[in-house]
Amino acid sequence: MPQLAVSESGGNMATRWPIEERGLDELDLDLQNVRIPSTDLDESAIASYLVEAEDLLDLVRDILRDDYIDNELPVVVVERGRHVVLEGNRRITALKAIHDPALLGKSSPKVERLLSRYSDADISNQVRVMIAPSRDAAQPLLARLHTRNPKKSWIREQQAIFYHAQLSPTVTTDVLRARYPAEKLITSFIRMGEMRELIRGMRFRDPDLAEFIMANQLKMTSFEYAYDLPRVQQLLGLSFGKDGLLASKQLTDGQRRGLEHLLRRFQAKTLNTRSLELRVSGTKADQFIVELQRWVDGEVDEASEIEDSSDPESAAADSGADEEEAVQPGAPADTGTGSNAGAKAPTASSTGQQQSPGANTSTTSGNQAASTGNSNGTAAGAAAAQTNTRGPNRVETRSRLDMDGFEYKGTSAGLRRRFEELKRLDVRDFPNAAYDLMRTVLECSIKDHFVTVRGTRLVGKMIGPCMTELIAAYNGDNRMTSLINSVNRKGSMSAGQYTGTTGSLNASNHEPDTFASSKDVHEAWDRLKPILIEIVGK
């Protein structure tokens, strides 16, 4: 006997909808849920879109790790003898992918790896669903579930993700054109998908810029105004084929610098769809290309721009013009040129000299001379830059930790916020705070790992006992044992060996006269990072 759902008000009547258990093979994704003008959509196309745009793989992982919880039931309607999912397409897609990874096409290996990692998971192929009497009857419920607003059509970027996600060795742009004959902009969408994939695959020195890109804060419809310019394509080595695909996603160092500078301009809101600089021709457009050329040629100090971009006062005010719209004739132009030629040289405090009294005091003057050389092109400036033994690219002078290759994948919201805080800390201005926070994230990461992976709570244990538990857990893994032992080392050791050990981390936290330098912070992070990647970064 089917169960009855809680009453849903519909006009002057109360409708009681049955709840039934159905197999996944009886449920179809709602092809009408996707606002794409086509009669030839399939589940694989929607599933591929959900991977890129809706974090479907994260949901797959969560279900495998925590089991499927049906406190919110999918809503279905019977059409042509099939149960069509009106609400809960993402959950049903995740369940279908767990039982048939091939549904996700090129992302299927990622599902296979998750299945291998959570080999003990036992996810049923039967789910409880709420059956609506008709699509029309379900609309009031769907509207309320989605903040009382009807679902909107996809914007250009979402459509670009949808089409680009389907590309594979067997699905080409021509195949997509044949599959979706009503869509005339597929090549443009593929170009946008290619650029989105390119910039999301870059490793950024500036963590704020990386977050701007990965958090989808960049409007690709605005960025399109820049990368569509032939002169920008030529400078950055962007060569699109007739199918919209990039000939190569490999960038030279100069092309990377130029592209990062362009992205920072959008991040700082000094470029938008109304900027005269993004016209095909004109004085400002010519100046913009000259500026971009200087970045590609390495004539501008990249470190200075990264530092300036972290200062809120250096960013232009939001003009509100980054909506998805065409440039209107006579629209007000962006007056910012974005030139950083006059960027200020780092001060002594910003290069960490106050935190490291024993450091070479010639560093600051060397940096200033190098900055002058970059701005004016003088021989004296170039010579000073060459003699500088601790330039801005040396690890210990960097303002933030190298987070490349590490992304927190645990389940603790508190620990996630600690990692975000550590990523943003200027370790030159707050070295001891960063060092102390590293001790915290190491201890909490071990505890998080034992809860989520090993099913054990290390309640009340401090860093020492936590490390002991970690050593025992990885007994037999030579690589991890070596990494853990370098942190848990005791006895006599050199200063370099001592940095980043539990003893050093504890001393920074407990001893009044112990104070870490920015150099200590970077060296300790290099020691802890591979351990953190292993236990909470996968």
Side-chain angles (χ1 to χ4, degrees), residues 48-49 51-53 104-110 156-177 185-206 209-214 216 218-267 271 277-278 280 285 288-300 302 305-306 393 402-405 407:
S48 295
Y49 168 80
V51 169
E52 291 204 26
L104 299 190
K106 64 182 180 182
S107 297
S108 60
K110 296 179 181 179
R156 276 179 62 85
E157 182 171 351
Q158 290 171 314
Q159 294 181 64
I161 294 172
F162 175 80
Y163 290 118
H164 188 263
Q166 296 180 60
L167 292 175
S168 71
T170 57
V171 179
T172 64
T173 304
D174 287 337
V175 170
L176 293 177
R177 290 194 190 100
L185 299 175
I186 284 182
T187 302
S188 177
F189 291 142
I190 296 300
R191 284 201 302 269
M192 184 178 290
E194 288 283 274
M195 286 303 299
R196 181 177 183 271
E197 185 173 85
L198 172 64
I199 62 177
R200 290 173 70 86
M202 292 172 63
R203 292 189 173 185
F204 298 98
R205 289 182 56 194
D206 181 0
L209 181 59
E211 182 177 358
F212 175 71
I213 299 300
M214 300 308 293
N216 293 319
L218 172 68
K219 289 183 173 64
M220 291 299 297
T221 47
S222 299
F223 187 48
E224 187 178 23
Y225 278 74
Y227 71 72
D228 261 356
L229 292 172
R231 292 195 290 179
V232 170
Q233 292 178 7
Q234 183 178 2
L235 278 176
L236 301 183
L238 306 175
S239 177
F240 294 98
K242 292 182 179 180
D243 55 3
L245 297 174
L246 280 169
S248 173
K249 292 189 177 74
Q250 298 298 316
L251 302 175
T252 66
D253 288 342
Q255 291 164 349
R256 177 198 59 78
R257 285 192 300 269
L259 184 52
E260 286 195 20
H261 168 67
L262 192 57
L263 292 168
R264 278 193 291 266
R265 291 287 308 274
F266 279 94
Q267 180 189 22
L271 280 181
E277 294 160 291
L278 298 184
V280 174
F288 169 69
I289 293 300
V290 171
E291 171 196 337
L292 190 60
Q293 180 73 66
R294 293 181 66 234
W295 278 94
V296 173
D297 292 343
E299 296 177 5
V300 188
E302 184 177 9
E305 183 177 63
I306 293 175
N393 288 329
D402 175 17
M403 291 287 181
D404 282 355
E407 181 182 356

For this session: Quick one: do Glu157 and Arg196 satisfy side-chain contact (heavy atoms from CB on, under 4.5 Å)? Show the steps, please.
Result: CA-CA 9 Å; Glu157 182 171 351; Arg196 181 177 183 271; 3.8 Å; yes
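- Summarising the geometry, atom CD belonging to Gln166 is positioned 9.0 Å from atom OG belonging to Ser168; distances are rounded to the nearest 0.5 Å.
- We find the CD-CG distance between Gln234 and Leu292 to be 11.0 Å, quoted to the nearest 0.5 Å.
- Minimum interatomic distance between Leu236 and Leu259 (heavy atoms only, all atoms of both residues): CD2-N, 3.7 Å.
- The minimum heavy-atom distance linking Ala165 with Ser48 is given by the pair CB-O, 3.4 Å.
- How far CE of Met202 is from CE of Met214: 12.0 Å, rounded to the nearest 0.5 Å.
- Side-chain contact between Glu224 and Leu278 is absent, with no heavy-atom pair separated by less than 4.5 Å.
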For this session: Would you check, one step at a time, whether the test side-chain contact (heavy atoms from CB on, under 4.5 Å) holds for Leu176 with Phe189?
Result: CA-CA 11 Å; Leu176 293 177; Phe189 291 142; over 6 Å; no
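- The OG1 atom of Thr173 sits 12.0 Å away from atom OH of Tyr163, with the distance rounded to the nearest 0.5 Å.
- Counting heavy atoms from C-beta on, the side chains of Arg156 and Leu185 come closer than 4.5 Å.
- Taking the side-chain hydrogen bond (donor to acceptor under 3.5 Å, both in side chains) definition, one finds that Asp402 meets it with nothing, sequence neighbours left out.
- The shortest side-chain heavy-atom distance between Val232 and Phe288 falls under the 4.5 Å cut-off.
- With a 4.5 Å cut-off on side-chain heavy atoms, Ile289 and Leu229 do not count as touching.
- Residue pairs that meet the salt bridge (charged side-chain N to carboxylate O under 4.0 Å, His left out) test with at least one member in residues 242-251, sequence neighbours left out, are Glu194-Lys249, Glu197-Lys249.
- Salt-bridge check for Glu260 with Arg205: failed, with every basic side-chain N at 4.0 Å or more from each acidic carboxylate O.
- The two atoms that bring Val296 and Arg257 nearest to each other are O-NH2, 3.0 Å, heavy atoms only.
- The two residues Ala160 and Gly193 come nearest to each other via the heavy atoms CB-N, 4.2 Å.
- In this structure, the side chains of Gln158 and Tyr49 come closer than 4.5 Å at one or more pairs of heavy atoms.
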Problem set entry | Residues Leu271, Phe223; criterion side-chain contact (heavy atoms from CB on, under 4.5 Å); working and verdict | CA-CA 9 Å; Leu271 280 181; Phe223 187 48; over 6 Å; no
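- Taking the six-membered ring where the residue is Trp, Tyr227 and Phe240 present tilted rings, their angle falling between 30° and 60°.
- Looking at every heavy atom in both residues, His164 comes nearest to Ile190 through CD2-O, 3.7 Å.
- A 4.5 Å side-chain heavy-atom check between Leu238 and Gln255 finds every atom pair outside the cut-off.
- For the atom pair CD of Gln293 and CD of Glu291, the computed distance is 11.5 Å after rounding to the nearest 0.5 Å.
- Interatomic distance, CG of Leu198 versus CG of Leu246, reported as 6.5 Å (0.5 Å rounding).
- For the residue pair Gln267 and Phe212, the shortest heavy atom distance occurs at CA-CZ, 3.6 Å.
- Using a 4.5 Å heavy-atom cutoff, the side chains of Arg177 and Thr172 are not in contact.
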